[in-house]
Q: 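What follows is a structure written as structure tokens; I'll ask about it next.
Please read all numbers here as calculations on a predicted model, not as lab measurements.
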Amino acid sequence: MIKVLVAGFMGSMGQKTVQMVNKNNDFELVGAYNPGIDTVHLQGMGMDDRVKLFANLDDIDTDADVWIDFTVPGAAFDNAKFAIEHGIHPVIGTSGMTDDQVAQLSKLAEEKQVGGILAPNFGISAVLLMKFAKEAAKYMPGVEIIEMHHDDKLDAPSGTALATAKMIAEVRGKQDAPTTEETLKGVRGGDYDGIKIHSVRLPGYVAHEQVLFGSKGEALTIRQDSFDRGSFMSGVELAVPAAAKATQLIVGLENIM
């Protein structure tokens, strides 16, 4: 039985995670954390008494094996650092961390021998898209990325789009994007090693990505769509047991698939 604490349990992804953990016979929910909550009121509203609720990071006292984090970009790094320092293996689904922050967590995980998993996306279709895009880039290096998310998403580009660009850059190298005179500043999107990334934020969307490849006389489009947040839970279920025995920080769900 793997004991789990869910950080950000009041959010949309947090609620899906709580439901997933409760349905899995191999997992046990022992803790839930959300800054600023009224723990007494929530406990009285029917929360299982066996689940400890926490409103402050420094107050967390738990025997959890795994810390699942679906919070916000500004909190995820400190949360993950706290977890590793307290012997809890993090599964981080919050995007927006910098490369330097990931490097710091990797070093800390190695020092403490408390590994975990950081994934920009836990959707199986999204992970497969990244793998397929990396393979396609070997033969079609002309590429742009369009990612589309709900209008409440705080970071842009999405962690998935940035991870896709990094995987593509690994095989095609750094190239300059075609020179274009922008009559409207920013219309060509962001630039990662010559790969243009375009972010769309609209109500009605959940999480979607297209990778467009162009070559002489032909084009290839790879697309994935996540229509429901529950679709990410299959990836989280894969990540929890892998994180529980990890001794280093694993970046990307594709590395355990």
Q: Any ion pair linking K166 and D99 (charged N to carboxylate O, less than 4.0 Å)?
A: yes
Q: List the steps, then state whether side-chain contact (heavy atoms from CB on, under 4.5 Å) holds for D100 with Q104.
A: CA-CA 6 Å; D100 181 62; Q104 288 183 56; 2.8 Å; yes
Q: Please give me the minimum heavy-atom distance between G14 and V6, naming the atom from each residue.
A: O-CG1, 4.1 Å
Q: For the hydrophobic clusters of this structure (ILVMFWY residues joined by side-chain heavy atoms under 4.5 Å, transitively), does one cluster hold both V66 and M13?
A: yes
Q: Using 0.5 Å steps for rounding, measure from the OG atom of S199 to the CD1 atom of I146.
A: 10.5 Å
Q: Restricting to non-hydrogen atoms, name the atom on L249 and the atom on A109 that form the minimum distance, rounded to 0.1 Å.
A: N-CB, 3.9 Å
Q: Could you tell me the separation between the CZ atom of R172 and the CZ atom of F213, rounded to the nearest 0.5 Å?
A: 9.0 Å
Q: Can you list the steps and then say if N24 with E237 is a side-chain hydrogen bond (donor to acceptor under 3.5 Å, both in side chains)?
A: CA-CA 8 Å; N24 192 306; E237 281 190 287; 2.8 Å; yes
Q: Is there a donor-acceptor pair under 3.5 Å between the side chain of H89 and the backbone N or O of A243?
A: yes
Q: Identify the two heavy atoms, one from P120 and one from M130, that lie closest to each other, and give their separation to 0.1 Å.
A: CG-CE, 4.5 Å
Q: Could you pull out the closest heavy-atom pair between Q224 and A207, with the gap in Å?
A: OE1-O, 3.8 Å
Q: Would you please say whether a donor-acceptor pair under 3.5 Å links the side chains of H208 and Q210?
A: no
Q: On a heavy-atom basis, which atom in E147 and which in A161 lie closest, and how many Å separate them?
A: CG-CB, 3.7 Å
Q: Rounded to the nearest 0.5 Å, how far apart are CZ of F122 and OG of S234?
A: 10.5 Å
Q: Tell me if the CG atom of D61 is crowded by more than 12 foreign heavy atoms within 6.0 Å.
A: no
Q: Walk me through whether I195 and Q175 qualify under side-chain contact (heavy atoms from CB on, under 4.5 Å).
A: CA-CA 8 Å; I195 302 168; Q175 299 184 16; over 6 Å; no
Q: Inspect the surroundings of CD in E110 and state if more than 12 heavy atoms from other residues, nucleotides or ligands are less than 6.0 Å away.
A: no
Q: Find out whether I222 and L129 are in side-chain contact, i.e. whether some heavy atom of one side chain is under 4.5 Å from a heavy atom of the other.
A: yes
Q: Output all residues satisfying side-chain hydrogen bond (donor to acceptor under 3.5 Å, both in side chains) with D69, sequence neighbours left out; order by chain, then residue number.
A: W67, T71, N79, T94
Q: Quick check: is V72 connected to L118 through a chain of hydrophobic side chains (ILVMFWY, heavy atoms under 4.5 Å apart)?
A: no
Q: Is there a path of hydrophobic side-chain contacts, each under 4.5 Å between heavy atoms, that joins F82 and V102?
A: no
Q: Looking at side-chain heavy atoms only, is the closest gap between L105 and I92 below 4.5 Å?
A: yes
Q: Quick check for you: to the nearest 0.5 Å, what is the distance between L57 atom CG and H86 atom NE2?
A: 8.0 Å
Q: Does M20 reach the side chain of F27, with side-chain heavy atoms less than 4.5 Å apart?
A: yes
Q: Report yes or no: do V91 and V30 belong to one cluster of Ile/Leu/Val/Met/Phe/Trp/Tyr joined by side chain heavy-atom distances under 4.5 Å?
A: no
Q: Is it the case that the side chain of N121 and the backbone of G123 share a donor-acceptor pair, with hydrogens and angles ignored and the cut-off at 3.5 Å?
A: yes
Q: If you count the non-hydrogen atoms of other residues, nucleotides and ligands that lie under 6.0 Å from CG in D176, is the total more than 12?
A: no
Q: Does K196, at its NZ atom, have more than 12 non-hydrogen atoms belonging to other residues, nucleotides or ligands within less than 6.0 Å?
A: yes
Q: Is it true that D155 and K153 have a side-chain N and a carboxylate O under 4.0 angstrom from each other?
A: yes
Q: Taking N255 for the side chain and V251 for the main chain, is one N or O donor matched with an acceptor at less than 3.5 Å?
A: yes
Q: Heavy atoms only: give me the nearest N25-M1 pair and the separation to one decimal.
A: O-CE, 3.4 Å
Q: Decide if atom CZ of F132 counts as having more than 12 heavy atoms of other residues, nucleotides or ligands within a radius under 6.0 Å.
A: no
Q: To the nearest 0.5 Å, what is the distance between CD1 on I117 and CG on L238?
A: 8.5 Å
Q: For T62 and K52, run side-chain contact (heavy atoms from CB on, under 4.5 Å): C-alpha distance rounded to whole Å, both residues' side-chain angles, the deciding distance at 0.1 Å, then the answer.
A: CA-CA 8 Å; T62 180; K52 293 183 179 180; 5.6 Å; no
Q: side-chain contact (heavy atoms from CB on, under 4.5 Å) for E254 and M167? Distances and angles first, verdict last.
A: CA-CA 11 Å; E254 68 276 6; M167 291 175 69; 4.1 Å; yes
Q: Would you list the pairs meeting side chain to side chain donor-acceptor pair (under 3.5 Å) in which at least one residue belongs to residues 8-21, sequence neighbours left out?
A: none
Q: Are any of the side-chain heavy atoms of V206 and R229 separated by less than 4.5 Å?
A: yes
Q: How far apart are the C-alpha atoms of T164 and E209, what are their side-chain angles, what is the distance that settles it, and do they pass the side-chain hydrogen bond (donor to acceptor under 3.5 Å, both in side chains) test?
A: CA-CA 10 Å; T164 304; E209 182 174 330; 2.9 Å; yes
Q: Let me check something: do I68 and I88 share a hydrophobic cluster, defined by ILVMFWY side-chain heavy atoms less than 4.5 Å apart, either directly or through other members?
A: no
Q: Counting only heavy atoms from other residues, nucleotides and ligands, does the tally under 6.0 Å from CD of Q248 exceed 12?
A: no
Q: Looking at side-chain heavy atoms only, is the closest gap between L212 and I145 below 4.5 Å?
A: no
Q: Can any side-chain N or O of D65 pair as donor or acceptor with the backbone N or O of A244 at less than 3.5 Å?
A: no
Q: Measuring from atom CD of E144 to atom OG1 of T221, what distance do you get when rounded to the nearest 0.5 angstrom?
A: 11.5 Å
Q: Quick one: does Q101's side chain get under 4.5 Å of F77's, heavy atoms only?
A: yes
Q: Just so I know, are the side chains of V211 and I168 near enough to count as touching, which here means a heavy-atom distance under 4.5 Å?
A: yes
Q: Could you tell me whether the side chain of I124 reaches within less than 4.5 Å of the side chain of M257, counting heavy atoms only?
A: yes
